[in-house]
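In this text the structure is predicted, and so the values were computed from the model without any measurement. In what follows, chains are A, B, ... by sequence order, proteins preceding strands, each numbered from 1.
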Protein chains: 2
Amino acid sequence: MALDNPTRETPVTTADKVFDSMLHAIVEGKIAAGSKISEPELAKQYEISRSTLREALNRLEKCHLIERKANVGSRVVECSIESLLEIYVVREALEGMACREAALNMTDDEIVDMKAMLDEHAKAQDLQDGVAYYQEEGDLDFHYKVILGSHNKQLINILCGQLYHLVRMYRLQFGMHSPRATRAFDEHYRIIEAISDRDGELAELLMRRHIVASCKNIKKKIAMQATESQA
Amino acid sequence: MALDNPTRETPVTTADKVFDSMLHAIVEGKIAAGSKISEPELAKQYEISRSTLREALNRLEKCHLIERKANVGSRVVECSIESLLEIYVVREALEGMACREAALNMTDDEIVDMKAMLDEHAKAQDLQDGVAYYQEEGDLDFHYKVILGSHNKQLINILCGQLYHLVRMYRLQFGMHSPRATRAFDEHYRIIEAISDRDGELAELLMRRHIVASCKNIKKKIAMQATESQA
DNA sequence: AATGATAAAATTGTCGACAATACTTTGAGC
DNA sequence: GCTCAAAGTATTGTCGACAATTTTATCATT
């Protein structure tokens with residue numbers, strides 16, 4: 001599927017498969033955030049040796065999905081609001097820059113491809129029930145393509161390889177299906193226009209605003225949840 | 001020393017020590033860039049088992065200092081100019097943002113501390129022979145403190161934990177002691193001022209220009225080297 | 001009862017050996 | 001002489017066992 005990590009091909013080694021499996025489990029919350037990871041237990045569960053499991057754990061650590069302490073063990077990261085805001089700051093900086101670079105480096109073909117994708121999303125959105133789809137897959141697809149369009153391996157690696165799993169984790173666990181669908185779509189459209197005009201400065205500006213808006217939206221939601229739970 | 005990774009304490013496990021040792025060896029070029037890493041050979045050299053070595057290799061991979069392919073093995077990264085420019089793009093984005101956040105989040109004490117450091121550097125620079133010192137340690141110290149001042153764990157982790165080893169590697173292997181010492185110092189000073197004024201927008205702008213200037217300087221140098229080798 | 005030291009259990013770190021995969025060398029066929 | 005196939009060699013991936021460390025449980029002391 002389109003959301004898979006473009007950094008790696010197909011999983012070949014068993015550690016790869018276990019990594020993929022655990023990745024989904026953590027992102028979806030089947031392995032609870034903040035919970036301790038018992039190597040003997042998980043190794044038995046996946047029917048592999050501890051060496052192989054530890055290899056998988058190392059990769060999860062690279063995605064910032066687990067944290068390890070020497071001689072103590074691994075824990076799944078906590079999903080705190082502070083940490084989410086920190087991630088948004090990093091995204092604002094990196095995706096903004098990726099967008100600028102995309103305006104400079106994307107091929108004409110890639111831009112055409114992207115416009116086609118947005119048209120698809122527009123259609124799906126017309127059939128109202130597509131909103132949920134757009135929220136999840138569509139939005140991520142858009143951001144992925146911009147990042148890949150930067151043609152900057154470092155950017156791609158950090159954003160697609162590491163950070164996006166965390167972003168997805170927060171989306172799923174905090175249940176973020178915000179009412180920003182149509183608005184976000186407009187923003188996406190304008191970003192593409194800027195890229196199409198090869199206007200890097202504007203593209204960066206728009207992407208940064210797009211992300212800040214999304215972040216503010218989350219803050220608002222969280223504030224609402226807080227007042228609700230008070231009542 | 002000040003340049004050590006603020007992310008981790010002291011190395012406790014043997015894998016930690018081997019990681020540190022290999023980190024320095026790679027950064028300094030004692031293990032050549034682009035060279036293949038033989039697990040049996042290195043394990044024998046460090047007098048450890050392959051498991052422990054592989055643990056160290058995993059951490060080096062986290063710093064983007066080596067790359068692994070399944071069933072093939074590890075290589076030290078190549079030091080290409082393209083890759084260096086890519087890193088500068090990431091730095092511009094992330095350190096710019098870190099600087100903005102530092103302006104918002106640094107404590108007054110931290111700012112005082114930083115000004116004191118700059119004064120130290122100014123003195124060292126007066127004693128002309130301190131220039132070389134300033135280039136290496138001083139410059140990195142400055143950038144480190146700004147990054148830490150952001151109080152953003154994600155930023156700190158990516159920049160100090162991963163990217164800076166690469167930056168150091170390029171500095172040493174490309175032999176970058178540029179004639180930007182006094183100029184870079186002025187720029188550092190103005191950045192501190194912006195942070196001190198709590199002007200996040202200006203602080204980000206200045207840091208980005210500072211990094212872009214440094215990048216241009218490198219490009220110029222490389223162009224010069226190219227014409228020299230032609231003659 | 002609470003605190004602190006000590007012993008037991010469990011977990012992580014490290015090791016050496018085997019299995020699976022990739023690379024090299026050899027030789028056969030054209 | 002060159003190309004391709006096959007066997008052999010070397011390297012990486014995986015496994016189970018042991019050592020070192022941490023955590024838990026036990027018990028004596030105040």
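- Close to C/dT12, at under 4.0 Å from its OP1 or OP2, lies a side-chain N or O of A/K36.
- Rounded to whole Å, the distance from CD on A/E41 to P on C/dT11 is 9 Å.
- Taking the side chain to side chain contact (heavy atoms under 4.5 Å, CB included) definition, one finds that A/E95 meets it with A/R91, A/H143, A/I147, A/L159, A/Y164, A/M207, A/I211, sequence neighbours left out.
- Taking 4.0 Å as the cutoff to heavy atoms of chain A, we find the contact window on DNA chain D bounded by D/dG13 to D/dT23.
- For the contact set between residues 43-57 of chain A and DNA chain C, defined by any heavy atom under 4.0 Å, the members are A/R50, A/R54.
- Partners of B/A25 according to the side chain to side chain contact (heavy atoms under 4.5 Å, CB included) rule, which considers only residues two or more places apart in sequence or in another chain, are B/K30, B/I31.
- Every side chain to side chain donor-acceptor pair (under 3.5 Å) that B/R54 has, sequence neighbours left out, goes to B/E39.
- Legend: residues meeting side chain to side chain donor-acceptor pair (under 3.5 Å) with B/K115, ordered by chain and number and at least two apart, are B/S196.
- Applying the salt bridge (charged side-chain N to carboxylate O under 4.0 Å, His left out) test to pairs two or more places apart or on separate chains, those with a residue in residues 143-156 of chain B are B/D113-B/K145.
- Remark: A/V212 engages A/E92, A/K216 in a side chain to side chain contact (heavy atoms under 4.5 Å, CB included) (not counting sequence neighbours).
- The side chain to side chain donor-acceptor pair (under 3.5 Å) check on B/H151 picks up B/E110, with sequence neighbours excluded.
- Near-neighbour residues of DNA chain D inside residues 67-76 of chain A, defined by a heavy atom below 4.0 Å, number-ordered: A/N71, A/V72.
- The side chain to side chain contact (heavy atoms under 4.5 Å, CB included) test applied to B/S80 returns B/E82, B/S83, not counting sequence neighbours.
- Qualifying side chain to side chain donor-acceptor pair (under 3.5 Å) partners for B/Y88, counting only residues two or more places apart in sequence or in other chains: B/S214.
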Item to check | Derivation and outcome, ring pair (Phe, Tyr, Trp, His ring centres under 6.0 Å), residues A/H165 and A/H64 | outcome: CA-CA 9 Å; A/H165 302 295; A/H64 305 254; over 10 Å; no

